[in-house]
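In what follows, a structure is listed as structure tokens, so that the remarks can point back to it.
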Amino acid sequence: MTKLKLTGKALRNIGFPEGPAISIAITAMEQRFKHHTEAAALDILKQVLTDPMAYLADDALRKIAGRLMEAKEEEDIPLKEIPVPYEIFGAGFIETGALQQMNSAVRLPVAVAGALMPDAHQGYGLPIGGVLATNNAVIPYGVGVDIGCRMCLSILDLPVDQLDKKASRFIDALMKHTKFGAGEEWDEPAEAAVLEHHLFRELPLLRRLLDKAAGQLGTSGGGNHFVEWGLVQITGATDCHLAPGTYLGLLSHSGSRGLGAQIATYYTRLARELCPLPREAAHLAWLEMDSEAGQEYWQAMNLAGDYASASHHEIHRRMIKATGAQLLARVENHHNFAWKEVHNGQELIVHRKGATPAAKGVCGVIPGSMTAPGYIVRGRGDAASLHSAAHGAGRAMSRFTATQSITRYELNKQLREHGVTLIGGGPDEAPMAYKNINEVMAAQQGLVDVVGRFQPKIVRMADDGSKED
DNA sequence: ATGTCC
């Protein structure tokens, strides 16, 4: 007896082109086929999609068919016959899905250069671990949904033995002053200069997002995001002039929360309308950098990046205050972002989606897992990688496979063996679900020098029930 | 990764 309800998402999934066809189809189907199930309605739409011409005379479906015919005529900017060659780092352990996605990306007419990092795995649009340089074009899904997702490591002045001796103090700080889970906000919004940015007043999209963004600044979200206490070993020359030795540190991984997600969704939709591509590359729709839409996205993306940075700083401010620490040094970097960079004398838009910037001398953080060490690295400025490196160990198992095959018992055993305390989290983020970070590091020796390590000791992640709820 | 807006 439930009335038919269709979503744009479902229609895109069966291959509807971005644009008016989606809303026309939803309206028509919900009126004319209101007692059909969603599956039955989608089956009808699939048939119309395959051969719209055959439905031009059908009373109920002619409007949808007509619009699809028009879309077909406008459609499909062709991909290059000859792809741009690109280097694959760690080719032995990269899944085929990620390779296929990268192969499509380097056939975009705007593609100039690319590279695939050793932690690569399949994503949406550009693979996670994909680097793509384009000419005068920015690809919202080349940056990803979590714009400005990044790492931030604070090195503190507290004695390292306090992590054991005063463990409850560090656990309390995480419990009281970090917040995890989709949609979560602080009751009292943080103050930050980024919230005063003029774009929040000028762009209607951002105007509606300001309140939520204020509430979510200083929260961590879900999935693989974390805040953790651990031991930092400095072994080489960082760009923050820290003497070699062992320090107490705080490491966080999170991004721009709802703000970045909404910006990404809005502009990828706009890009797919303006830039229809063959199906295998449809998610890689771009915006011209010298167009109004392209400029808007670029500004909004940069704002989301600044917001993500401010959010980490707020998390660290809370942790430092709660433990009475002093900040000695900080290492941080985006790993979902696009930059204007000059490579081979040409100004390019370099998209790094799950890749760490590694220009010569630039420091960054590559996390391992909740038990495996992360690395503080210094870029070598390798040209073939477009000055990039991996952004982590990379998943070895999908979230689903991990929850099916790893038990709580096994996870707890791993944690015990490594002396790690976990708050929240679950088997989907267990160390066994990730590749061996040492193999990933070995595959990128030419890209970065290791100048330090971070060994997690007390880790907080989202409860694994928080995603379903 | 996000969060129930086509």
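Just so it is clear: chains get the letters A, B, ... in the order the sequence lines come, proteins before strands, and each one is counted from 1. Worth knowing before you read on, the calculation uses all heavy atoms, side chains too, and leaves out hydrogens, waters and symmetry mates.
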Under 4.0 Å between a Lys/Arg side-chain N and an Asp/Glu carboxylate O for A:Glu429 and A:Arg395? yes

Rounded to the nearest angstrom, tell me the gap between atom CG in A:Leu259 and atom P in B:dG3. 10 Å

Step by step, would you call A:Asp464 with A:Arg408 a salt bridge (Lys or Arg N to Asp or Glu O under 4.0 Å)? CA-CA 11 Å; A:Asp464 65 346; A:Arg408 269 275 170 188; 3.5 Å; yes

More 5' along DNA chain B: A:Arg269 or A:Ala261, using each one's nearest nucleotide? A:Ala261

What integer distance in Å separates A:Lys212:NZ from B:dC5:P? 12 Å

Check for a donor-acceptor pair, side chain of A:His283 on one end and backbone N or O of A:Tyr141 on the other, with a separation under 3.5 Å. no

Picking from B:dA1, B:dG3, B:dC6, the nucleotide nearest the side-chain atoms of A:Ser23 would be B:dC6

Between A:His253 and the options A:His312, A:His391, A:His335, the ring pair (Phe, Tyr, Trp, His ring centres under 6.0 Å) test singles out A:His335

Grab the CZ-P distance between A:Arg257 and B:dT2 for me, whole Å please. 5 Å

Would you kindly give the CD-to-C1' distance between A:Glu429 and B:dA1, to the nearest whole Å? 11 Å

List in numerical order all residues of residues 214-221 of chain A for which some heavy atom is under 4.0 Å away from an atom belonging to DNA chain B. A:Gln216, A:Gly221

Just the rounded figure in Å: distance from P of B:dA1 to CZ of A:Arg150. 17 Å

Select one nucleotide: of B:dC6, B:dG3, B:dT2, the one nearest the side-chain heavy atoms of A:Glu18. B:dC6

Checking contacts here: which listed nucleotide (B:dC6, B:dA1, B:dG3) is nearest the side-chain heavy atoms of A:Asp146? B:dA1

Phosphate OP1/OP2 of B:dC5 contacted by A:Arg208 side-chain N/O (<4.0 Å): no

Contacts table for residues 37-49 of chain A: side-chain donor-acceptor under 3.5 angstrom, sequence neighbours left out:
unit_1  : atom_1 : unit_2  : atom_2 : d
A:Thr37 : OG1    : A:Ala40 : N      : 3.1
A:Gln47 : OE1    : A:Tyr55 : OH     : 3.2

Atom CE of A:Met461 and atom C1' of B:dA1 are separated, to the nearest Å, by 12 Å

Between B:dG3 atom C1' and A:Asp211 atom CG, what is the distance in whole Å? 17 Å

Indicate, with a heavy-atom threshold strictly under 4.0 Å, whether A:Arg12 touches base, sugar-phosphate, or nothing. base

With a cut-off of 3.5 Å and sequence neighbours excluded, list every side-chain donor-acceptor pair involving residues 259-270 of chain A.
unit_1   : atom_1 : unit_2   : atom_2 : d
A:Thr265 : OG1    : A:Ala261 : O      : 2.7
A:Tyr267 : OH     : A:Glu296 : OE1    : 2.6

Can you tell me which nucleotide in B:dC6, B:dG3, B:dA1 comes closest to the side chain of A:Val145? B:dA1

How close or far is atom C1' of B:dA1 from atom NZ of A:Lys9, stated in whole angstroms? 11 Å

Do A:Gln216 and A:Thr219 have side-chain N/O donor and acceptor atoms under 3.5 Å apart? no

